[in-house]
Structure formats: structure tokens, C-alpha cells
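One is the number of the first residue; the rest follow in order along the sequence.
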Amino acid sequence: VSVHGHGALVGSHDDDDNGSGSGSAYLFDAGTGSQLFKLLPSDGSPGDAFGWSAALGADSLIVGALRGPGATFQSGAAYLFDPGTGLQTAKLIPNPTLGSGEGFGWAVAVHGDIAIVGVPEDDYTTQNCGSAYLFNTVTGLETAHLLASDGTGQQQFGSAVSIHANRAVV
């Protein structure tokens, strides 16, 4: 769940519009309670868990699909949408490619033209050490890969993320 201005964004990761457990997200007018949009990814499929995480900003919103179609099977994905139109503007996947089931999209946040996506089961340095990625919301391009300087196995860095102005917290 995320609230910004007059909007409220709610994820529903077990919704079945694109098959069992594919997921969805809903954008509401927080003042009236009226549903504005039901958000679905352009490539949604069963088991994606789209809506596992969601964050609303002034000019964009981001929804995580924990087991979504990344570069490898169920590695996860995150999607940017325009909150004024409900249209998908980008699909975010990291580089380097993650392995299957690493949890890209577990946690998301957005502020201005920067989005952050947490990956707590990323095996980048050791098993489940975790990481986070920064993306430009205008271009959809990755701008940084964040790792804990003392990252060790099972640390799950990236299970929670936040961003404001030029500060990212993981």
C-alpha cells in the first residue's frame, strides 16, 4: 500500500486476471474512494505475484512482481506506470541478470525520477546477501546497483527500501 497526494495504491499479488496468482494493483482517489485504474503488466502470467510491492509518487508509480518474468525464469520484475493515465511506461529488470527466484521486486519505492527495487535473495556476492537497484523513471534505465559493504550470506539486504530526494535507504 502506498499513498501520495490524492492517490492510494494497493497491490493484490494473488489476483487472477492473467492466471492464478498473476496479481494486479489498484489506484484509488483517496479523497473519494473511487477506483481510478486497475493495473496489470503487459506480460503478466500465472504465478507472477504482480502487486507484491507498490509505491506511488507524484509522476510515476511502481509495482513489483516478485516472481515475474525477468531475464530468467521467475527472477522478478518491476513495472512503472503513469498515475494520470494508468498506462505502463516501462518494465524494469536488472543487469547483470539475476538467477531464478532471487526476488527482484520484493520491495519498491519511488521519488521524483528515481525508483529503487530491492532484491533480498540476490546471490551477487554470497547466497541471499541481497542488493537493490536504482532506475531512472523517465528512461527506465538502471543507474546503480547497491550492495552492502559487509554483505554476507542470508543477510537479505533489499528486503525493505525507501527513497527521498537524493537519499536511498536499504
Verdict with supporting geometry, Tyr133 and Val119, side-chain contact (heavy atoms from CB on, under 4.5 Å): CA-CA 8 Å; Tyr133 291 83; Val119 194; 3.8 Å; yes
Worked check of side-chain contact (heavy atoms from CB on, under 4.5 Å) between Gln35 and Asp29: CA-CA 6 Å; Gln35 180 180 320; Asp29 181 311; over 6 Å; no
Show me, pair by pair, the donor-acceptor contacts under 3.5 angstrom made by side chains of residues 159-170, not counting sequence neighbours?
from: Ser159; atom 1: OG; to: Gln156; atom 2: O; distance (Å): 3.4
from: His164; atom 1: ND1; to: His111; atom 2: NE2; distance (Å): 3.4

Contacts under 3.5 angstrom, residues 48-61 side chains, donor-acceptor by atom type, not counting sequence neighbours:
from: Asp48; atom 1: OD1; to: Ser45; atom 2: OG; distance (Å): 3.1
from: Asp48; atom 1: OD2; to: Ser45; atom 2: N; distance (Å): 2.8
from: Asp48; atom 1: OD2; to: Ser45; atom 2: OG; distance (Å): 3.4
from: Ser53; atom 1: OG; to: Gly105; atom 2: O; distance (Å): 2.6

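- One finds the OG atom of Ser22 at 11.5 Å from the NE2 atom of His13 (value rounded to the nearest 0.5 Å).
- Rounding to the nearest 0.5 Å gives a distance of 11.5 Å between CG of Asp15 and CG of Leu39.
- Leu92 and Val63 are not part of a single hydrophobic cluster, where members link through side-chain heavy atoms under 4.5 Å apart.
- Here the straight-line distance linking atom CD of Glu142 with atom CD1 of Ile93 works out to 10.0 Å at 0.5 Å rounding.
- In the hydrophobic clustering of this structure, Val108 groups with Phe104; members are Ile, Leu, Val, Met, Phe, Trp, Tyr whose side-chain heavy atoms approach within less than 4.5 Å, directly or through other members.
- Separating the CH2 atom in Trp106 from the CZ atom in Arg67 is a distance of 9.5 Å, to the nearest 0.5 Å.
- With Ile62 as reference, Leu80 is the one residue of Thr137, Ile116, Leu80 to meet the side chain to side chain contact (heavy atoms under 4.5 Å, CB included) rule.
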Trace of the side-chain contact (heavy atoms from CB on, under 4.5 Å) decision for Phe28 with Val10: CA-CA 8 Å; Phe28 293 91; Val10 181; 4.2 Å; yes
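- Take Asp43 and apply the salt bridge (Lys or Arg N to Asp or Glu O under 4.0 Å) test, not counting sequence neighbours, and it matches Lys91.
- Here the CG-CG distance, from Asn136 to Leu141, works out to 7.0 Å after rounding to the nearest 0.5 Å.
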Test side-chain contact (heavy atoms from CB on, under 4.5 Å) applied to Val1 and Leu9, step by step: CA-CA 6 Å; Val1 174; Leu9 179 62; over 6 Å; no
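- Note that CD of Gln88 and CZ of Phe81 are 4.5 Å apart. Values are rounded to the nearest 0.5 Å.
- In terms of modelled atom types and a separation under 3.5 Å, the side chain of Asp16 and the main chain of Gly21 share a donor-acceptor contact.
- Here the closest heavy-atom approach between residue Gly158 and residue Pro120 is recorded as O-CD, 3.8 Å.
- Counting heavy atoms from C-beta on, the side chains of His145 and Ser131 come closer than 4.5 Å.
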